[in-house]
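Both backbone and side-chain heavy atoms feed into the values below; hydrogens, waters and symmetry mates do not.
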Amino acid sequence: FFADNTGREPFWFYLNTVTVALSGPQALALRATAAIVGTATIALVYGFARALFRSIPVAALAALFTAISIWHVFYSRYGLRIILVVPLTCLALWFFWRGLQSLRRRDFILAGVFVALGLYTYLSCRLVPFVLILLTGLAIVMNRARAIDYAKGLVIAGVVGLLIFLPLG
């Protein structure tokens with residue numbers, strides 16, 4: 001945690017060290033990180049929408065709307081840490097969704113990892129654990145026979161996320 005400027009989570013700064021190390025200390029290096037993350041986000045939105053809705057046209061529309069969204073374009077060019085919110089949330093939800101479908105422990109672990117990385121990124125990511133709780137509740141309502149399995153998955157994701165978040169918390 002960087003205490004200056006009312007406090008900042010560290011993950012964005014760590015990512016920027018890679019582009020600064022490759023191209024030198026210039027503003028373009030900081031914007032390059034945002035551009036790379038923004039471009040990858042479009043592919044992530046496509047993949048997550050395709051997995052969620054099982055429809056290529058819906059996934060393509062989701063990716064298109066992400067690509068032309070004024071907010072996405074702005075933050076992809078400007079170079080602020082908020083650009084990491086969508087891809088990390090998307091990854092957390094995607095792996096959690098896969099975990100609910102397959103009940104594989106690995107998917108729940110990865111969901112917890114991406115939730116924690118989101119918490120190392122921006123304040124609004126603090127809502128993602130509550131979204132996972134709501135998704136688990138919805139899954140339990142829709143399939144009560146697997147309620148214990150869904151709850152175990154939520155606990156796995158929560159414990160992994162908490163363990164990774166502890167140094168920042």
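- For T89, there are no side-chain hydrogen bond (donor to acceptor under 3.5 Å, both in side chains) partners, not counting sequence neighbours.
- Rounding to the nearest 0.5 angstrom, the gap separating the CG atom in L110 from the CH2 atom in W94 is 12.0 Å.
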Under 3.5 Å, which donor-acceptor pairs link side chains of residues 67-76 to any protein atom two or more places apart or in another chain?
residue, atom, partner, partner atom, Å
S69, OG, W71, N, 3.3
S69, OG, H72, N, 3.4
H72, NE2, G38, O, 2.9
S76, OG, H72, O, 2.7

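- With a 4.5 Å cut-off on side-chain heavy atoms, T33 and V18 do not count as touching.
- Sorted pairs that involve residues 142-163 and meet salt bridge (charged side-chain N to carboxylate O under 4.0 Å, His left out), not counting sequence neighbours, are lacking altogether.
- Listed by first then second residue, pairs satisfying ring pair (Phe, Tyr, Trp, His ring centres under 6.0 Å) with a partner in residues 122-158 number zero, not counting sequence neighbours.
- Legend: salt bridge (charged side-chain N to carboxylate O under 4.0 Å, His left out) pairs involving residues 88-106, not counting sequence neighbours, sorted by first then second residue: R98-D107, R104-D107.
- For F95 and F108, the ring centers are positioned 6.0 Å apart or more.
- Applying the 4.5 Å side-chain rule to ILVMFWY residues, one finds V86 in the same cluster as V45.
- Taking CG from L127 and CG from L132, the interatomic distance works out to 11.0 Å, rounded to the nearest 0.5 Å.
- Here the side chains of Y120 and L84 are not in contact, with every heavy-atom distance at 4.5 Å or above.
- With sequence neighbours excluded, the residues satisfying side chain to side chain contact (heavy atoms under 4.5 Å, CB included) with V131 are L93, L135.
- Members clustered with I36: none, using a 4.5 Å side-chain heavy-atom cutoff among hydrophobic residues.
- Under the rule for a side chain to side chain contact (heavy atoms under 4.5 Å, CB included), the partners of A116 that lie at least two apart in sequence or sit in another chain are I164.
- Listed by chain and residue number, V159, L166 satisfy the side chain to side chain contact (heavy atoms under 4.5 Å, CB included) test with L163 (two or more places apart in sequence, or in another chain).
- Y46 and L91 are members of different hydrophobic clusters when ILVMFWY side chains are connected at heavy-atom separations under 4.5 Å.
- The shortest distance between side-chain heavy atoms of T41 and C90 does not fall below 4.5 Å.
- L64 and V58 are assigned to two separate hydrophobic clusters, defined by single-linkage of ILVMFWY side chains at heavy-atom distances under 4.5 Å.
- Membership of an apolar cluster is not assigned to L123, as no side-chain contact below 4.5 Å to another ILVMFWY residue is traced.
- Grouping Ile, Leu, Val, Met, Phe, Trp and Tyr by side-chain contacts under 4.5 Å, direct or through others, leaves I148 on its own.
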